[in-house]
Amino acid sequence: MPDQALHGPPLSVLVADDNPVVRAGLSALLDAHPGVRVAALASNGAEAVSAATRHRPDVILLDVRMPGTDGLTALPSLVRVAPVMMLTYSREPEVVAEALRLGAVGYLVHGEFTAAELVDAVRESSGGRSVFTPSAAHVSDSLGVSYEPNEKPSHLQFVVGQSSEAHPAYAPGLHRRGPNRLEFGLSSREVEVMDLIAAGMNNQQIAATCFISEKTVKNHINRIFAKLHSSSRSEAIAHWLGTAHGGWNR
(Lines give C-alpha, C1' and ligand atoms only; values in the text may rest on other atoms or scores of the structure.)
Protein backbone atom coordinates (compact mmCIF):
# COMPACT_ATOMS: atom_id res chain seq x y z
CA MET A 1 0.00 0.00 0.00
CA PRO A 2 1.38 3.47 -0.80
CA ASP A 3 2.99 5.35 2.07
CA GLN A 4 0.39 8.11 1.75
CA ALA A 5 -2.46 5.65 2.26
CA LEU A 6 -0.71 4.21 5.33
CA HIS A 7 0.24 7.44 7.08
CA GLY A 8 -2.38 9.98 6.16
CA PRO A 9 -5.25 10.93 3.90
CA PRO A 10 -4.88 10.25 0.18
CA LEU A 11 -3.31 12.87 -2.06
CA SER A 12 -6.02 15.08 -3.51
CA VAL A 13 -5.74 15.93 -7.20
CA LEU A 14 -7.40 18.53 -9.40
CA VAL A 15 -7.66 17.51 -13.07
CA ALA A 16 -8.09 20.33 -15.59
CA ASP A 17 -8.68 19.31 -19.21
CA ASP A 18 -11.26 20.44 -21.75
CA ASN A 19 -11.79 16.90 -23.12
CA PRO A 20 -14.49 15.12 -21.04
CA VAL A 21 -13.19 11.68 -22.07
CA VAL A 22 -9.71 12.56 -20.84
CA ARG A 23 -11.11 13.93 -17.58
CA ALA A 24 -13.18 10.79 -17.01
CA GLY A 25 -10.29 8.48 -17.84
CA LEU A 26 -7.83 10.27 -15.59
CA SER A 27 -10.38 10.44 -12.78
CA ALA A 28 -11.09 6.70 -12.97
CA LEU A 29 -7.39 5.88 -13.14
CA LEU A 30 -6.33 8.01 -10.21
CA ASP A 31 -9.32 7.18 -7.99
CA ALA A 32 -8.49 3.48 -8.40
CA HIS A 33 -5.37 3.97 -6.27
CA PRO A 34 -5.92 4.08 -2.48
CA GLY A 35 -3.31 6.79 -1.96
CA VAL A 36 -4.82 9.19 -4.50
CA ARG A 37 -8.24 10.78 -4.97
CA VAL A 38 -9.57 13.25 -7.50
CA ALA A 39 -10.95 16.19 -5.54
CA ALA A 40 -12.25 18.20 -8.49
CA LEU A 41 -12.47 18.44 -12.28
CA ALA A 42 -12.23 21.54 -14.47
CA SER A 43 -12.69 22.13 -18.19
CA ASN A 44 -10.66 25.34 -18.49
CA GLY A 45 -8.21 27.53 -16.60
CA ALA A 46 -10.79 29.72 -14.92
CA GLU A 47 -12.63 26.70 -13.54
CA ALA A 48 -9.30 25.26 -12.41
CA VAL A 49 -8.43 28.38 -10.42
CA SER A 50 -11.88 28.42 -8.81
CA ALA A 51 -11.74 24.70 -7.97
CA ALA A 52 -8.19 24.93 -6.65
CA THR A 53 -9.12 27.81 -4.37
CA ARG A 54 -12.14 25.90 -3.08
CA HIS A 55 -10.66 22.40 -2.70
CA ARG A 56 -6.97 23.17 -2.00
CA PRO A 57 -5.65 20.04 -3.77
CA ASP A 58 -2.21 18.55 -3.16
CA VAL A 59 -1.45 18.33 -6.90
CA ILE A 60 -2.92 19.94 -10.02
CA LEU A 61 -2.83 18.23 -13.43
CA LEU A 62 -3.22 20.95 -16.05
CA ASP A 63 -3.77 20.87 -19.81
CA VAL A 64 -2.23 23.65 -21.91
CA ARG A 65 -4.86 24.37 -24.56
CA MET A 66 -8.38 24.88 -23.24
CA PRO A 67 -11.19 27.21 -24.32
CA GLY A 68 -11.57 30.52 -22.54
CA THR A 69 -8.75 30.72 -20.00
CA ASP A 70 -5.99 28.34 -21.11
CA GLY A 71 -3.56 26.48 -18.89
CA LEU A 72 -0.61 28.84 -19.23
CA THR A 73 -2.77 31.83 -18.38
CA ALA A 74 -4.08 30.12 -15.23
CA LEU A 75 -0.71 28.69 -14.22
CA PRO A 76 0.66 31.62 -12.14
CA SER A 77 -2.48 31.58 -9.97
CA LEU A 78 -2.51 27.80 -9.63
CA VAL A 79 1.13 27.42 -8.54
CA ARG A 80 0.32 29.56 -5.50
CA VAL A 81 -2.10 26.83 -4.38
CA ALA A 82 -0.30 23.56 -5.17
CA PRO A 83 2.39 21.96 -7.35
CA VAL A 84 1.19 22.00 -10.96
CA MET A 85 2.05 19.19 -13.37
CA MET A 86 1.32 19.96 -17.01
CA LEU A 87 -0.46 16.98 -18.62
CA THR A 88 -1.07 17.68 -22.27
CA TYR A 89 -0.62 16.81 -25.93
CA SER A 90 1.33 20.05 -26.50
CA ARG A 91 5.00 19.32 -26.93
CA GLU A 92 6.21 22.51 -28.61
CA PRO A 93 9.53 23.60 -27.03
CA GLU A 94 8.38 27.17 -26.48
CA VAL A 95 5.24 25.93 -24.64
CA VAL A 96 7.27 23.63 -22.39
CA ALA A 97 9.74 26.40 -21.62
CA GLU A 98 6.97 28.90 -20.84
CA ALA A 99 5.22 26.43 -18.53
CA LEU A 100 8.43 25.88 -16.57
CA ARG A 101 9.13 29.62 -16.46
CA LEU A 102 5.66 30.21 -15.02
CA GLY A 103 6.22 27.67 -12.25
CA ALA A 104 5.04 24.24 -13.43
CA VAL A 105 6.76 21.53 -11.41
CA GLY A 106 6.87 19.13 -14.36
CA TYR A 107 5.58 18.38 -17.84
CA LEU A 108 4.03 15.13 -19.12
CA VAL A 109 3.08 14.61 -22.77
CA HIS A 110 0.24 12.16 -23.50
CA GLY A 111 1.49 8.97 -25.12
CA GLU A 112 4.89 9.14 -23.43
CA PHE A 113 4.03 7.54 -20.08
CA THR A 114 2.17 4.55 -18.69
CA ALA A 115 -0.69 4.62 -16.22
CA ALA A 116 1.59 3.47 -13.40
CA GLU A 117 4.11 6.18 -14.26
CA LEU A 118 1.40 8.81 -14.10
CA VAL A 119 0.52 7.76 -10.55
CA ASP A 120 4.23 7.84 -9.64
CA ALA A 121 4.49 11.33 -11.13
CA VAL A 122 1.54 12.56 -9.07
CA ARG A 123 3.14 11.25 -5.88
CA GLU A 124 6.51 12.77 -6.71
CA SER A 125 5.12 16.16 -7.72
CA SER A 126 3.16 16.40 -4.47
CA GLY A 127 6.51 16.88 -2.74
CA GLY A 128 7.71 19.37 -5.32
CA ARG A 129 9.86 16.89 -7.22
CA SER A 130 9.80 17.51 -10.95
CA VAL A 131 8.97 14.87 -13.54
CA PHE A 132 9.27 15.12 -17.32
CA THR A 133 8.52 12.86 -20.26
CA PRO A 134 11.08 12.71 -23.12
CA SER A 135 9.66 15.50 -25.31
CA ALA A 136 9.64 17.94 -22.41
CA ALA A 137 12.97 16.74 -21.04
CA HIS A 138 14.75 17.90 -24.19
CA VAL A 139 13.57 21.43 -23.43
CA SER A 140 14.23 21.26 -19.71
CA ASP A 141 17.82 20.22 -20.51
CA SER A 142 18.39 23.74 -21.83
CA LEU A 143 17.26 25.14 -18.48
CA GLY A 144 20.01 23.32 -16.63
CA VAL A 145 17.98 20.36 -15.39
CA SER A 146 19.81 17.22 -14.26
CA TYR A 147 18.20 13.83 -13.84
CA GLU A 148 18.34 11.02 -11.35
CA PRO A 149 18.92 7.56 -12.89
CA ASN A 150 15.80 5.44 -12.45
CA GLU A 151 15.94 2.19 -10.49
CA LYS A 152 13.81 0.47 -13.12
CA PRO A 153 13.01 1.08 -16.79
CA SER A 154 10.77 4.14 -17.07
CA HIS A 155 9.83 6.79 -19.59
CA LEU A 156 9.91 9.44 -16.88
CA GLN A 157 12.89 11.54 -15.88
CA PHE A 158 13.02 12.69 -12.27
CA VAL A 159 14.74 15.94 -11.42
CA VAL A 160 17.32 16.22 -8.65
CA GLY A 161 18.38 19.77 -9.45
CA GLN A 162 17.24 22.71 -11.58
CA SER A 163 18.46 26.15 -12.50
CA SER A 164 16.68 29.18 -11.09
CA GLU A 165 14.93 29.63 -14.46
CA ALA A 166 12.70 26.67 -13.70
CA HIS A 167 10.54 25.74 -10.75
CA PRO A 168 12.60 24.64 -7.71
CA ALA A 169 12.70 20.89 -7.27
CA TYR A 170 13.06 18.58 -4.31
CA ALA A 171 14.14 14.95 -4.17
CA PRO A 172 12.23 12.69 -1.80
CA GLY A 173 12.67 8.96 -2.29
CA LEU A 174 11.11 7.47 -5.39
CA HIS A 175 8.13 5.25 -4.54
CA ARG A 176 7.94 2.01 -6.54
CA ARG A 177 5.14 -0.50 -6.39
CA GLY A 178 5.01 -4.23 -6.61
CA PRO A 179 7.24 -7.11 -7.70
CA ASN A 180 9.58 -7.10 -10.69
CA ARG A 181 7.13 -6.96 -13.61
CA LEU A 182 9.93 -7.48 -16.19
CA GLU A 183 9.77 -11.23 -15.60
CA PHE A 184 6.40 -11.37 -17.37
CA GLY A 185 7.77 -10.02 -20.65
CA LEU A 186 4.95 -7.51 -21.17
CA SER A 187 5.38 -4.55 -23.50
CA SER A 188 5.02 -1.04 -22.06
CA ARG A 189 1.47 -0.81 -23.45
CA GLU A 190 0.59 -4.23 -21.99
CA VAL A 191 1.96 -3.08 -18.62
CA GLU A 192 -0.29 -0.02 -18.82
CA VAL A 193 -3.35 -2.13 -19.69
CA MET A 194 -2.60 -4.66 -16.95
CA ASP A 195 -2.23 -1.89 -14.35
CA LEU A 196 -5.66 -0.59 -15.37
CA ILE A 197 -7.15 -4.10 -15.15
CA ALA A 198 -5.68 -4.41 -11.66
CA ALA A 199 -7.21 -1.02 -10.83
CA GLY A 200 -10.64 -2.48 -11.62
CA MET A 201 -11.33 -0.81 -14.96
CA ASN A 202 -13.49 -2.49 -17.60
CA ASN A 203 -12.53 -2.64 -21.29
CA GLN A 204 -14.44 0.53 -22.16
CA GLN A 205 -12.73 2.54 -19.42
CA ILE A 206 -9.32 1.18 -20.42
CA ALA A 207 -9.96 2.13 -24.05
CA ALA A 208 -10.90 5.70 -23.06
CA THR A 209 -7.91 6.08 -20.74
CA CYS A 210 -5.39 4.75 -23.28
CA PHE A 211 -7.05 6.37 -26.31
CA ILE A 212 -7.38 3.05 -28.14
CA SER A 213 -10.34 0.98 -29.35
CA GLU A 214 -12.03 -1.69 -27.24
CA LYS A 215 -10.96 -4.25 -29.85
CA THR A 216 -7.34 -3.26 -29.32
CA VAL A 217 -7.85 -3.54 -25.57
CA LYS A 218 -9.17 -7.10 -26.03
CA ASN A 219 -6.16 -7.99 -28.17
CA HIS A 220 -3.82 -6.67 -25.48
CA ILE A 221 -5.69 -8.61 -22.79
CA ASN A 222 -5.43 -11.85 -24.77
CA ARG A 223 -1.67 -11.44 -25.05
CA ILE A 224 -1.39 -10.45 -21.37
CA PHE A 225 -3.32 -13.52 -20.23
CA ALA A 226 -1.04 -15.74 -22.33
CA LYS A 227 2.11 -14.19 -20.85
CA LEU A 228 0.76 -14.36 -17.30
CA HIS A 229 -0.52 -17.90 -17.85
CA SER A 230 -3.95 -16.77 -16.69
CA SER A 231 -7.45 -17.56 -17.90
CA SER A 232 -9.35 -14.79 -16.10
CA ARG A 233 -8.99 -11.21 -14.90
CA SER A 234 -8.82 -12.24 -11.25
CA GLU A 235 -6.11 -14.81 -11.95
CA ALA A 236 -4.10 -12.31 -14.00
CA ILE A 237 -4.40 -9.70 -11.23
CA ALA A 238 -3.22 -12.22 -8.62
CA HIS A 239 -0.10 -12.98 -10.67
CA TRP A 240 0.47 -9.31 -11.51
CA LEU A 241 0.23 -8.12 -7.91
CA GLY A 242 2.24 -11.03 -6.61
CA THR A 243 -0.55 -12.38 -4.43
CA ALA A 244 -0.30 -15.74 -6.18
CA HIS A 245 3.23 -16.12 -4.77
CA GLY A 246 3.00 -14.91 -1.22
CA GLY A 247 2.05 -11.38 -2.18
CA TRP A 248 2.90 -7.84 -1.26
CA ASN A 249 0.80 -5.04 0.08
CA ARG A 250 -0.52 -2.61 -2.49
Side-chain angles (χ1 to χ4, degrees), residues 1-88 90 96 98-108 110 113 115-132 136 156 158-159 162 166-175 177 199 209 250:
M1 183 178 289
D3 289 347
Q4 189 72 22
L6 283 172
H7 301 300
L11 293 172
S12 63
V13 180
L14 164 62
V15 176
D17 194 293
D18 65 315
N19 188 323
V21 175
V22 173
R23 290 199 305 273
L26 290 172
S27 182
L29 168 63
L30 295 172
D31 278 338
H33 289 262
V36 182
R37 71 176 180 88
V38 174
L41 302 172
S43 62
N44 59 46
E47 288 183 9
V49 172
S50 176
T53 302
R54 185 166 61 254
H55 294 279
R56 313 299 295 186
D58 297 305
V59 178
I60 298 169
L61 298 180
L62 182 66
D63 191 14
V64 169
R65 293 188 171 90
M66 295 180 287
T69 305
D70 63 22
L72 293 180
T73 301
L75 189 51
S77 296
L78 293 172
V79 296
R80 298 189 189 101
V81 178
V84 178
M85 177 77 67
M86 307 308 294
L87 182 60
T88 179
S90 303
V96 178
E98 182 68 1
L100 297 179
R101 187 186 71 79
L102 292 173
V105 74
Y107 200 107
L108 307 183
H110 284 297
F113 56 86
E117 287 169 344
L118 174 59
V119 175
D120 276 344
V122 167
R123 290 173 178 149
E124 297 304 314
S125 64
S126 70
R129 192 179 189 202
S130 296
V131 186
F132 299 90
L156 303 182
F158 295 88
V159 171
Q162 284 185 269
H167 194 280
Y170 306 90
L174 175 61
H175 302 294
R177 300 184 296 117
T209 300
R250 189 178 177 89

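Heavy atoms only: backbone and side chains are in, while hydrogens, waters and symmetry mates are out.
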Could you go through the side-chain contact (heavy atoms from CB on, under 4.5 Å) check for Val81 and Leu14 one step at a time? CA-CA 11 Å; Val81 178; Leu14 164 62; over 6 Å; no
Leu108 to Ala121 - nearest heavy-atom pair and separation: CD1-CB, 3.9 Å
For Tyr107 and Ser90, work out which heavy atoms get closest and say how close. OH-O, 2.5 Å
Any side-chain heavy-atom pair from Val22 and His110 closer than 4.5 angstrom? yes
Side-chain contact, heavy-atom cut-off 4.5 Å: Leu118 with Leu26? yes
In chain order, what residues pass the side-chain contact (heavy atoms from CB on, under 4.5 Å) check against Ser125, with sequence neighbours excluded? Val59, Met85, Val105
Residue pair Gly106 / Phe132: nearest heavy atoms and the distance that separates them: CA-CE2, 4.1 Å
So, for Ser126 and Pro83, which heavy atoms are closest and what is the spacing to 0.1 Å? O-CG, 4.1 Å
Does Asp63 have any side chain to side chain donor-acceptor pair (under 3.5 Å) partners at least two apart in sequence or in another chain, and if so, which? Thr88
Kindly list each side-chain donor-acceptor pair under 3.5 angstrom involving residues 45-55, sequence neighbours excluded, with atom names and distances?
unit_1: Glu47; atom_1: OE1; unit_2: Ser43; atom_2: N; d: 2.8
unit_1: Glu47; atom_1: OE1; unit_2: Ser43; atom_2: OG; d: 2.9
unit_1: Glu47; atom_1: OE2; unit_2: Ser43; atom_2: OG; d: 3.1
unit_1: Ser50; atom_1: OG; unit_2: Arg54; atom_2: NH1; d: 3.3
unit_1: Thr53; atom_1: OG1; unit_2: Val49; atom_2: O; d: 2.8

Report the distance from atom CG of Leu87 to atom CG of Leu62, rounding to the nearest 0.5 Å. 9.0 Å
Pairs meeting criterion side chain to side chain donor-acceptor pair (under 3.5 Å) with involvement of residues 68-86, two or more places apart: Asp70-Thr73
CG/Leu75 to CE/Met86 distance, rounded to the nearest 0.5 angstrom? 5.5 Å
Quick one: are Val36 and Val13 in side-chain contact, heavy atoms under 4.5 Å? yes
Give me each pair satisfying salt bridge (charged side-chain N to carboxylate O under 4.0 Å, His left out) with a member in residues 9-23, each pair once, sequence neighbours excluded. none
With distance as the sole test, does Ser12 use its side chain to make a donor-acceptor pair with the main-chain N or O of Arg37 at under 3.5 Å? no
